[in-house]
Enquirer: 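I'd like to ask you about the structure that follows.
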Amino acid sequence: MSEISKNFNHQAADNYWYNHALQQGYFNSTPDEREPYTIVIPPPNVTGVLHMGHCLNNTIQDILVRRARMQGFNACWVPGTDHASIATEAKVVAMLRERGITKSSLTRDEFLSYAWEWKEKYGGIILQQLKKLSCSLDWSRTSFTMDDDYYKAVIKIFVQLYNDGIIYRGLRMVNWDPVSKTALSDEEVIFKEIDSKLYYVKYFLADNTNQPINQSTNQQFIMVATTRPETILGDVAICVNPLDDRYKNWIGKEVLVPIINRKIKIIADDYVDIEFGTGALKITPAHDKNDNEIGKKHQLKSINTLDEEGRFTTAELVNENPSEQVLAYNGIDRFELRKIISDDITKLNQLEKIEDYKGQVGTSERTGAIIESRLSLQWFMDMKTFMKKHPQTLSSVMNDEIKFHPAKLKNTYNHWLENIKDWCISRQLWWGQRIPAWYDENGNFVVAENEEKAKELFNLKFKIKNSKLLQDEDCLDTWFSSWIWPMEVFKGISNPNNEEANYYYPTTTLVTGHDIIFFWVARMIMAGYQFKNQLPFKDVYFTGMVRDKQGRKMSKQLGNSPDLLELIEKYGADAVRFGIMISSPAGNDLLFDESSLEQGRNFNNKLWNAMKLVKMWEGRKSEESEESGESEELESHTHGLSDFPTFWFSNRLNEAKLEVENLMKQFQLSAALKIIYSLIWDDFCSWYLEWVKPGFEQPIETNVYNKTVEFFDELLQMLSPFMPNITEEIYHQLKERNHDLTIKQNTKHQTPNKQILEQGKLLKNVITTLREARAKNQLKPKEEIVLYIQTQNKNSYFSIQNILAKQINAKEIKFVNEAVSNTTVVAIESDKFYMVSDKEIDIESLKEELQKDLSYQKNFLQSVIKKLSNDKFAANAKPEVLAFEEKKKADALARIKTIEESLVNL
RNA sequence: GGGAGUUUAGCUCAGUUGGUUUAGAGCAUCUGCCUUACAAGCAGAGGGUCACAGGUUCGACUCCUGUAACUCCCACCA
C-alpha cells in the first residue's frame, strides 16, 4: 500500500468515490421486493444555479436517502428540473435582446425553438452542480416538467379538472405583472412596504350648467386622498362612508374629475374608512380590486387607462373626446405619469398637498415589478369546490397522516386552506404548457386534449360544422405542472398504474423550504387526493432559510451569498455538508458562517489522523495473543489494559447508535450529527484510542487491534450518510476490502450495558479531576506522580487502574485505608485521591481551593437540608425524588468530611 | 389589522409530562503544552439571578396571567 498522505485530499476523494458509485450504479433504483424509500427532489428552476438554500435542502435529502439505502430500503431519489415559465422566458427574452431580436418579431414556434435551444445549452447546470455535493440521485430518472409525457400529463389533468367543473374561465381582477406582461396568482405577489406619497386632490362640484370649471377659488370641492394620481382619469365615482357627517349632504351630488372633467357621482359605502385620509375615496374600478368590488355593487362602469405594460392609454376614453392634453399622455409609463398628472393638477390649483406615506405595495415574486390590478379574462381553479371534494387535503395534515416537521407549520397550512381563494392558473407566456382550449371567432370554446378532439367536441357541442378553431395563446402556471411532480416522475398520470408508479408512489419524505408550503406542498397534497386518491408523501421536512451570520437573507444585491462551488473546492463536499448540517437546527433558519466549514475540515483531519494512528499499529500486532481466545482472556486480566476500553467502547457505541436512531426518526439530523461527531472526536479519539494506545514503538494486542478496526468501521458507517467521501476513503485505507461502505448494510445496535458505561464515566471523571489537580500544581506532563486511592470499593478500580496510571502519568497506584498527609488531595464522591510528586506542593493555594470547595459543599448541603426538612415536601414529593434528595445529602456530607480531613492533614 | 412563534453563556442552540446536585452542548475566549496520529492539535479553565413582573406549587427554565422586544405568516385602509 502506498504511503498515506499527511492530510485528507478531498478533491481527489470527492471525484473518485462519486464517480465510482455512479459506475457501480449504487444510486440507481428499480422496483424489487424491498420496501421503497422514495424522495423526489424539489425541482430547481432549469435556469437556476446552486446556492446555499439548495445546499441545505439537498444535503438533507441525501443524508436521508443514503441512510435508508444502508438500512435495507430500496432508496430512490429522483432528480429533475422545473421549466419555470416566467423566469426562463425572461432569460430567453434577455438573450434574444442581446442578439438584437425582439420577442414580438417572432412567431410562437420560433420563440419556443430559441427557448429550447437555450434550455439545452444552459438548463440543468444546477444538476451538474449537485454532483459536486455528492448527491446520490438516480440520474437515469432525471425528469423535466416539459418532457413530452409530462406535458401531456399536465394537459390531461387540465381537461379532467375542466370537465369536473373545477377549472373555469372568467373575467376577474387579477394581479398583473407589467414587466412580464402576465397575470400572477395571489401567491406570486409579495407585499412590500415602500415609501410613497399621499396626494390630496380637490374634485370640484359640477355646476348645474355643466360648464367646464373656471379657476375661481370659491368653487366648492370635495378633497380626496390618493396614492395613485395616475389613475385619476379612470375615476368613476367618489365614495364616502354613509355615517360620515362631513359628507352627508354631498351624497348623490356630482363632481368633476380633474383634467378630463368627467362628471362622477358621490356615492356612499361603509367600506370607506372615515378616519383615513379625508374620508373620501376615489373609485377606479379598472385599477383596484376593492374599487372594482364597489363598482360592481353600485353598477359603475370601469374605465381602463393603462395598457398591459403599465403605460397610459386613451383606448377606453375615445367616447369622451379626450383633450390634447389627455392624448399627450398616451404611452407614458405609470410612474412618470404620476408625476406629470400631479404637476398638471397643481397647475389647476387642485392639488392641496402631498404627504409622505408608507404603504404596502404588491410586487412580482419573479420580476420584482409593482403589480397592477387589471381586469382580464383568465383561467381559474375553483378552490372552494375542490376542497369540498377533497377535505383530506386539510385533515390528513391536521391528523398527522402527513407529518409536518416542524409541526407548527400545520397552523399556517390550516389557515391558508380555510381562507383559500381561487387559483389563477393562466399565464400570458409561451414557455409552458399551452392551455388546451380552442375558440371559434365568436368566442365559443371547448377544452380538449388536442385539436382533433377539440374539433369533434366543438361540432358536438355547438352543432356548427366550423373547423376554424384557434388554440388559447396562454400557458399554464408552472405550479400547475409541478403539483403532480411526485407522481408524474414515475409516469403516474401519463401512464397510470404502471409498475413503477405503484411501487414508488406515494413517496416517503419530502424535503423543501417552508416558503413554498402553499405554492407547492399544499398543491401536491391536493393533487395526491384528486388524481390518486391518496397522500403524496408521509413526512414533510421543512427547512428554514439560509441567512448570513448577521441574520440577513442571502441575496445577490447584498453580495453575502457565498459561491458554493468555490466552497466545495476549498473545503471539500464532506466539510461543506458537515458545516451546513451542524448549524442547522430542524425547521429553523440557518445562520451560515464559513467557520462551520472549517470545523468540518478539521473533523476530516481528525478522522484522517485517527486512521493514520491505527494504520501505524497494523504492522505492530503482537503475535502471541492471536493464538487462542483463552490466552487473550488471560492476558487481558493480567494487563488489565485491553479489556476495559474495548468493552466500554462497544457499549458506548451501542448507546450512541440508539440515540442517533431516535433522533433520525424525529428528523433531528443536526442533533444526530452532533452525537456522531462527539462520539468520534471525544469518545473514540480522545478517550478510547488513548486508552489502547501502546507505548512508543510497543506492539498492540491483535485482539485489541482488530476490535479497534471494527469500531472504526462502525463509526465510518454511522457517519457515511453525512460525509460519504472521506468515510469511504478511510474505509478502504484502513483495510483491504472488496465491497464499499456506501452500500454496506447497517447492523442492529445492541442494548448497552449500563454498568460499564457508568464505570467509563467514573474513569473519565477521575482522570479529568486528577489532570486538573496536576495543572493547578503546575506539574509538567512528563513529571510522574504516585497516586494513592482511598476508597470503599477497590473493585471498581481494578479494571481501570492501569489506564488511569497511563492517563495521569502515575508510575504507581496504591490503595490505602487512611489519609496520606502532605499531599495534593482531591475527592470524587466518597473516594479520595492523594497525589505525590517530587515537586513541592503549594500548600497555601491548595488550602484555598479546598476551602472554596468546602463552602460550596456546605451551602449546597444547607439547601438540601432545607428542602428535606420541609414537611410539605416530605409529604408531597414522589418517593424517588425523596430518595434522591437523601442521597444528595449523604454525598455532600461525605465530601465535607473528606475535605475537612484533608485540611487537617495538610 | 388578524394569527403564529421566539426570548437560556460573547454567538448558535439543547433542555422530552414541574424534582437527576446551584441549568447543558458546539463554536468563540483565556491558561498551559510543538507529548513520536493530529497546533486544522492536546490538556485544562472562565462565562448564564434561563427577557421582565406577578401567580399556581413543598418545589418553576419548564404551568398560568400580564408587559416588553424581535421574527414569520395572512390581509391590497385609498
Side-chain angles (χ1 to χ4, degrees), chain A residues 4 6-7 175 186 189 191 198-199 224-228 239 271-273 275-284 288-291 357 359-362 371 373 406 408-409 411-412 415-416 419 514-515 517-518 544-545 549 551 582-585 588-591 593 595-596 598-617 666 668 670-671 674 677-678 685-686 689-690 693 696-697 767-768 771-772 774-776 778 780-782 807 809 856-857 859-861 863-864 867 870-878 880-882 884-885 887-889 891-892:
Chain A
I4 300 167
K6 183 170 185 294
N7 290 319
N175 309 299
D186 289 345
V189 178
F191 283 90
L198 200 53
Y199 298 79
V224 170
T226 178
T227 54
R228 303 204 59 195
C239 190
Y271 165 79
V272 177
D273 179 355
E275 303 295 320
F276 190 89
T278 62
L281 171 67
K282 73 185 196 67
I283 303 297
T284 322
D288 186 282
K289 260 185 204 167
N290 292 315
D291 289 11
Y357 179 73
Q360 294 278 333
V361 170
I371 295 303
S373 287
K408 65 180 176 186
L409 283 168
N411 289 332
T412 312
H415 187 257
W416 185 74
N419 299 289
H514 63 61
D515 53 331
I517 181 170
F518 308 134
M545 190 171 290
K549 65 176 168 184
I582 204 76
S583 49
S584 166
N588 288 342
D589 282 358
L590 174 153
L591 302 193
D593 184 352
S595 71
S596 68
E598 273 173 40
Q599 198 187 341
R601 181 202 54 189
N602 296 353
F603 188 35
N604 274 348
N605 192 45
K606 190 71 183 176
L607 282 162
W608 192 252
N609 278 297
M611 185 267 287
K612 272 167 37 185
L613 178 66
V614 175
K615 283 300 280 183
M616 230 169 66
W617 298 342
Q666 302 163 58
Q668 307 261 5
S670 185
K674 276 176 185 154
Y677 175 74
S678 167
C685 293
S686 296
L689 288 180
E690 293 298 333
K693 189 193 231 174
F696 185 54
E697 295 196 336
I767 293 171
T768 305
R771 277 174 176 169
E772 187 192 340
R774 283 186 62 116
K776 284 208 171 115
Q778 294 172 332
K780 291 263 157 61
K782 278 177 182 160
Q807 295 285 278
N809 197 17
Y856 174 89
Q857 291 298 334
N859 281 339
F860 176 63
L861 181 66
S863 74
V864 176
K867 202 178 209 178
N870 182 332
D871 293 341
K872 286 187 176 171
F873 173 72
N876 291 313
K878 281 179 277 183
E880 59 267 31
V881 174
L882 217 55
F884 191 75
E885 292 298 321
K887 185 178 182 298
K888 273 154 65 171
K889 184 180 165 186
D891 286 352

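Residue numbering restarts at 1 for every chain, and letters A, B, ... go by the order of the sequence lines.
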Enquirer: Remember a base hit wins even if backbone is also touched, and classify A:Phe518 as base, sugar-phosphate or nothing at under 4.0 Å, heavy atoms.
Expert: sugar-phosphate
Enquirer: Using nucleotides 26-34 of chain B, report all nitrogen or oxygen pairs with the protein that are shorter than 3.5 Å.
Expert:
| residue | atom | partner | partner atom | Å |
| --- | --- | --- | --- | --- |
| B:rG26 | O2' | A:Gln599 | NE2 | 3.3 |

Enquirer: Determine the interatomic distance between P on B:rA43 and the same-named atom on B:rA25; round to the nearest Å.
Expert: 15 Å
Enquirer: Show me the dot-bracket string of RNA chain B, counting Watson-Crick or G-U pairs under 3.5 Å, with | for pairs to another strand and [ ] for crossing ones.
Expert: (((((((..((((.....[....)))).(((((.......))))).....(((((..]....))))))))))))....
Enquirer: Begin from the C-alpha positions of A:Asn609 and A:Lys612 and carry the test side chain to side chain donor-acceptor pair (under 3.5 Å) through to its verdict.
Expert: CA-CA 5 Å; A:Asn609 278 297; A:Lys612 272 167 37 185; 3.2 Å; yes
Enquirer: Summarise how protein sits on nucleotides 37-46 of chain B as a single string, 5' to 3': B when a protein heavy atom is under 4.0 Å from the base, S for sugar-phosphate-only contact, - for no contact.
Expert: BB-BSSSSS-
Enquirer: Is there a donor-acceptor pair under 3.5 Å between the side chain of A:Asp589 and the backbone N or O of A:Gly544?
Expert: no
Enquirer: Suppose we screen for salt bridge (Lys or Arg N to Asp or Glu O under 4.0 Å). Which residues come up paired with A:Asp891, at least two apart in sequence or across chains?
Expert: A:Lys887
Enquirer: Indicate yes or no for a side-chain donor-acceptor contact from A:Asn876 to the backbone of A:Lys872 under 3.5 Å, with no hydrogens or angles considered.
Expert: yes
Enquirer: A:Val864 near the nucleic acid: base, sugar-phosphate alone, or nothing, with a heavy-atom cut-off under 4.0 Å?
Expert: nothing
Enquirer: Salt bridge (Lys or Arg N to Asp or Glu O under 4.0 Å) with A:Lys674: which residues, sequence neighbours excluded?
Expert: none
Enquirer: If the sugar-phosphate is the primed atoms plus P, OP1 and OP2 and the base is the rest, what is the B/S/- string for nucleotides 4-9 of chain B, using protein heavy atoms under 4.0 Å?
Expert: SS----
Enquirer: Taking the side chain of A:Leu591 as its heavy atoms from C-beta onward, which of B:rC74, B:rU12, B:rG19 lies nearest to it?
Expert: B:rU12
Enquirer: Tell me if the CD atom of A:Glu275 is crowded by more than 12 foreign heavy atoms within 6.0 Å.
Expert: no
